[in-house]
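When a ligand or atom number is given, it counts from 1 through the structure's own listing order.
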Amino acid sequence: MKKILLLHTLLLSLFLAAGCAEKPKPQLTENQKAGLRKDAKEFLDSLKNVLVKEMQTNGIVAAVAVCSDTAQILTVNYGFSKGIYIKRVSLKYRNPNNAPDGFESKVLNHFSELNSVGKLDGNSEFFEVINSDGVYNVRYMKPIFVQAPCLNCHGSNEQISPDVKTLIQNKYPDDKATGYYPDELRGAVSIQKTL
Ligand code: HEC
């Protein structure tokens with residue numbers, strides 16, 4: 001009986017020790033926050049530069065191809081070069097690769113609600129530190145808004161030219177990313193990084 005009691009006490013203290021040894025959830029420093037903002041901006045700027053340049057030099061139809069092939073390559077390369085998970089996500093996505101995971105859907109819904117009451121702007125962002133299997137990761141999301149030129153490919157049926165429509169429909173038969181209007185929430189940049 002004594003032995004069993006001793007064993008229980010031993011197990012309990014091991015359990016408590018393990019509990020105490022768990023690191024407290026780290027707080028994000030201002031430097032870490034600034035780094036995430038910088039990555040998101042740099043990534044979006046690089047995508048936008050390619051798009052604008054192609055639209056100006058070769059027109060919208062050519063830009064569709066650039067968007068669809070280059071966007072995925074640029075995204076993978078950017079994440080790889082920085083050693084982070086980064087992508088664009090949207091509740092109404094064009095490319096199924098850009099479908100949000102559970103966390104991203106939750107934040108996108110939160111952003112949509114804020115936007116519908118005029119409380120979302122260029123400075124809005126979302127941070128969360130999560131513990132995944134004992135490793136702390138930060139998840140960061142920043143909204144992407146629709147601007148007038150986006151409507152050439154994300155606007156209403158009348159705003160998208162027949163050539164562009166055909167290209168998009170061939171490449172993305174289940175496209176959900178049309179019918180937008182300016183200032184609407186188009187999606188978000190999503191970053192995940194180990195702390
Ligand atoms: C020339 C056509 C074109 C224009 C203009 C355009 N897009 Fe797109 N957009 C696309 C294509 C094609 C994809 C799918 C890219 C992929 O395969 O990752 C896409 C995907 C996206 C995505 C990723 C989510 C999804 O739906 O797959 C976001 C976010 C996005 N566009 C935002 C914008 C914004 C904001 C603008 C304006 C600044 C814009 N786009 C202008 C063609 C365009």
Practice task
Check the side chains of Thr75 and Arg88 for a donor-acceptor pair under 3.5 angstrom, ignoring hydrogens and angles.
Solution key: no
Completion exercise
Sequence neighbours excluded, the answer for side-chain contact (heavy atoms from CB on, under 4.5 Å) partners of Asn77 is Ile73
Completion exercise
Taking only non-hydrogen atoms of Gln147 and a 4.0 Å limit, the atoms of ligand 1 in range are 38 (C)
Exercise for the section: For Pro149, take its heavy atoms, then give the atoms of ligand 1 lying under 4.0 Å from any of them. Expected result: 5 (C)
Practice task
Specify side chain, backbone, both or neither for Lys176, according to which of its non-hydrogen atoms lie closer than 4.0 Å to ligand 1.
Solution key: neither
Fill in the blank from the handout: In ligand 1, the atoms that come under 4.0 Å of a heavy atom of Ile60 are 1 (C)
Exercise for the section: Output the distance between atom CZ (Phe111) and atom CZ (Phe126), rounded to the nearest 0.5 Å. Expected result: 7.5 Å
Problem - Tyr172: numbered ligand 1 atoms lying under 4.0 Å from its heavy atoms - result: 12 (C), 14 (C), 15 (C), 16 (C), 17 (O)
Practice task
Quick one: which residue pairs count as a ring pair (Phe, Tyr, Trp, His ring centres under 6.0 Å) with a foot in residues 30-72, not counting sequence neighbours?
Solution key: Phe43-Tyr78
Problem - Atoms of ligand 1 close to Phe145 [distance to a heavy atom under 4.0 angstrom, numbered from 1] - result: 35 (C)
Problem - Lys87 with Glu104: basic N within carboxylate O range, under 4.0 Å - result: no
Fill in the blank from the handout: Among non-hydrogen protein atoms, atom 30 (C) of ligand 1 lies closest to Arg88 NH1, 3.3 Å
Handout entry: The single option from Glu125, Lys33, Gln192 passing side chain to side chain contact (heavy atoms under 4.5 Å, CB included) against Tyr140
Key = Glu125
Fill in the blank from the handout: Rounded to the nearest 0.5 Å, the SG atom of Cys67 sits from the CZ atom of Arg94 at a distance of 8.0 Å
Problem - Partner of Leu108 under side chain to side chain contact (heavy atoms under 4.5 Å, CB included), chosen from Met141, Lys92, Glu113 - result: Met141
Handout entry: Atom indices of ligand 1, in the order listed, that fall short of 4.0 Å to a heavy atom of Ile144
Key = 29 (C), 35 (C)
Exercise for the section: Could you tell me whether some N/O pair between Asn98 and ligand 1 is separated by less than 3.5 angstrom? Expected result: yes
Practice task
Before accepting this row, confirm whether a basic side-chain N of the pair Asp45/Lys38 lies closer than 4.0 Å to the acidic partner's carboxylate O.
Solution key: no
Fill in the blank from the handout: of all protein heavy atoms, closest to atom 18 (O) of ligand 1 is Gln72 NE2, 2.6 Å
Handout entry: ligand 1 contact by Val64, heavy-atom criterion under 4.0 angstrom
Key = yes
Practice task
Check the side chains of Gln72 and Asn98 for a donor-acceptor pair under 3.5 angstrom, ignoring hydrogens and angles.
Solution key: yes
Exercise for the section: Would you check the N or O atoms of Asn95, main chain and side chain alike, for any that come under 3.5 Å of an N or O of ligand 1? Expected result: yes
Problem - Under 2.8 Å from atom 8 (Fe) of ligand 1 - protein N/O/S, by chain and number - result: His154 NE2
Handout entry: Face-on cation placement of Lys193 at Tyr85 ring, 6.0 Å and 45° thresholds
Key = no
Problem - Pairs touching residues 161-170 that satisfy side chain to side chain donor-acceptor pair (under 3.5 Å), sequence neighbours left out - result: Asn157-Lys165
